[in-house]
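Here is the structure we will look at, set down as structure tokens.
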Amino acid sequence: MKNIFSVLTICLLSFCMWSCKAKYYEKHQEVAKRDILNWEASDVKKFEVEIDDAQSKFNLGVVLRHHAKIAHPSVTVQVTITSPSGKKTAKNQEIQLKDSAGKLVGEVAGDIVDVTSFVEKGYSFAEKGKYTFDVALVSKMSLTGFMSVGFVIEKPEAAK
């Protein structure tokens, strides 16, 4: 009985962690050569988002879906944010795919792994309007094992 209570407690805490974050935007795009799980260096993913809240703080993240037998322990992406007025800011983000022991990082379901890495936490948009988020490989070489690239914007706390 004690084990069942522990499992239920963990499930409730996990649910609370996810439910306390409100997704503002989330979209995923397949890599160009998904049939061979190859993310080409030239395959820049573009996400256009209408932002109507320039007062709240947001977490901006990249979601990578890859095969569980991926060889790379990490990958570096560049996220370029273009504001409605055309101002561009870019940031490189190393995303860990495996920990130091070689164990997969992220949500594992069979042979598919989803890893979310937040590029910015507590980010405030300077203006309302259409923003573009480009996600590109920093590597000039294509990387094998990737299925899709996503971008997520979430509010750290649900509105009360």
Side-chain angles (χ1 to χ4, degrees), residues 10-34 37-67 70 72-99 104-109 112-160:
I10 291 169
C11 289
L12 286 172
L13 289 173
S14 297
F15 175 75
C16 182
M17 281 179 28
W18 285 104
S19 65
C20 292
K21 295 179 182 178
K23 294 270 170 78
Y24 186 85
Y25 171 88
E26 183 171 11
K27 188 169 183 178
H28 302 263
Q29 298 176 15
E30 290 185 352
V31 296
K33 295 192 176 181
R34 185 162 191 251
L37 303 180
N38 203 31
W39 186 9
E40 299 285 330
S42 61
D43 184 14
V44 177
K45 299 302 180 189
K46 184 179 293 284
F47 302 90
E48 292 183 346
V49 184
E50 189 70 33
I51 301 296
D52 59 6
D53 183 350
Q55 296 178 350
S56 298
K57 295 198 179 296
F58 295 90
N59 296 334
L60 310 178
V62 174
V63 183
L64 299 179
R65 175 168 281 178
H66 64 84
H67 191 277
I70 197 159
H72 319 287
S74 66
V75 62
T76 303
V77 298
Q78 181 176 69
V79 177
T80 303
I81 303 170
T82 306
S83 72
S85 62
K87 180 182 176 193
K88 291 187 179 205
T89 55
K91 181 174 182 174
N92 287 0
Q93 178 79 14
E94 182 178 12
I95 300 173
Q96 293 301 128
L97 306 176
K98 296 179 181 181
D99 65 16
L104 293 168
V105 174
E107 296 178 33
V108 182
I112 298 174
V113 182
D114 288 333
V115 177
T116 302
S117 180
F118 290 99
V119 178
E120 293 281 347
K121 288 189 174 183
Y123 184 86
S124 296
F125 292 100
E127 55 190 290
K128 293 181 181 180
K130 187 182 286 184
Y131 281 78
T132 303
F133 303 90
D134 293 336
V135 181
L137 284 172
V138 171
S139 169
K140 299 298 178 202
M141 297 173 38
S142 300
L143 297 178
T144 304
F146 291 94
M147 298 172 196
S148 68
V149 178
F151 195 78
V152 64
I153 301 173
E154 66 181 26
K155 289 186 179 183
E157 297 178 9
K160 296 181 180 179

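If you take CG on Leu64 and CD1 on Ile70, they are separated by 8.0 Å, rounding to the nearest 0.5 Å. Summarising the geometry, atom OG belonging to Ser148 is positioned 9.0 Å from atom NZ belonging to Lys45; distances are rounded to the nearest 0.5 Å. The line from NZ of Lys46 to CG of Asp134 is 4.0 Å long, rounded to the nearest 0.5 Å. With rounding to the nearest 0.5 angstrom, the CD atom of Glu154 is 6.0 Å from the NZ atom of Lys23. Interatomic distance, CD of Glu50 versus OH of Tyr131, reported as 10.0 Å (0.5 Å rounding).
Using a 4.0 Å cut-off between a side-chain N of Lys or Arg and a carboxylate O of Asp or Glu, Lys128 and Asp52 do not qualify as a salt bridge.
Between Ala32 and Asp43, the closest heavy-atom pair is N-OD2, 2.8 Å. The minimum heavy-atom distance linking Ser139 with Ala41 is given by the pair O-CB, 3.5 Å.
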Practice item. Run the numbers on Ile112 and Arg65 for side chain to side chain contact (heavy atoms under 4.5 Å, CB included), then give the verdict. Key: CA-CA 7 Å; Ile112 298 174; Arg65 175 168 281 178; 3.5 Å; yes
Point to revise | side chain to side chain contact (heavy atoms under 4.5 Å, CB included) between Tyr24 and Ile51, worked out | key: CA-CA 9 Å; Tyr24 186 85; Ile51 301 296; 3.6 Å; yes
Exercise for review: Please test Leu97 against Val115 for side chain to side chain contact (heavy atoms under 4.5 Å, CB included), starting from the C-alpha separation and ending with a verdict.
Suggested key: CA-CA 7 Å; Leu97 306 176; Val115 177; 4.3 Å; yes
Check your understanding: Are Val31 and Leu37 close enough, and set up right, to give a side chain to side chain contact (heavy atoms under 4.5 Å, CB included), and what steps lead you there?
Key -> CA-CA 7 Å; Val31 296; Leu37 303 180; over 6 Å; no
If you look only at distance, which donor and acceptor atoms sit under 3.5 Å apart when one is on a side chain in residues 73-81 and the other is two or more places apart or in another chain?
| from | atom 1 | to | atom 2 | distance (Å) |
| --- | --- | --- | --- | --- |
| Ser74 | OG | Glu94 | OE2 | 2.8 |
| Gln78 | NE2 | Asn92 | OD1 | 3.2 |

Between side-chain atoms of residues 117-125 and protein atoms elsewhere (two or more places apart, or another chain), which donor-acceptor pairs fall under 3.5 Å?
| from | atom 1 | to | atom 2 | distance (Å) |
| --- | --- | --- | --- | --- |
| Ser117 | OG | Gln93 | NE2 | 3.0 |
| Ser124 | OG | Lys57 | NZ | 3.3 |

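Proximity of His67 to Met147: side-chain heavy atoms (C-beta onward) are separated by under 4.5 Å at one or more points. Inter-residue side-chain proximity for Val62 and Ile95 is flagged as met; some heavy-atom pair is nearer than 4.5 Å. Using a 4.5 Å cut-off on side-chain heavy atoms (C-beta onward), Lys155 and Asp53 make contact. Looking at heavy atoms from C-beta onward, Val152 lies out of side-chain contact with Tyr25 at the 4.5 angstrom threshold.
Enclosure of atom CD in Gln55 is not indicated, since only 12 or fewer non-hydrogen atoms of other residues, nucleotides or ligands lie within 6.0 angstrom. Atom NZ of Lys91 has more than 12 neighbouring heavy atoms from other residues, nucleotides or ligands inside a 6.0 Å radius.
A ring-ring contact (aromatic ring centres under 6.0 Å, His included) with Phe133 is found for one member of Phe151, Phe58, Phe47 and no other, namely Phe151.
In the model, Glu30 has no side-chain atom that pairs as donor or acceptor with a side-chain atom of His28 under 3.5 Å.
Panel note: side chain Ser83, backbone Lys87; a donor-acceptor pair is recorded below 3.5 Å. Remark: the backbone N or O of Val49 is not paired with any side-chain donor or acceptor of Lys27 at under 3.5 angstrom.
Listed by chain and residue number, nothing satisfies the side chain to side chain donor-acceptor pair (under 3.5 Å) test with Asp99 (two or more places apart in sequence, or in another chain).
The aromatic rings of Phe146 and His72 sit parallel to each other, their planes meeting at less than 30°, with 60° as the upper class boundary.
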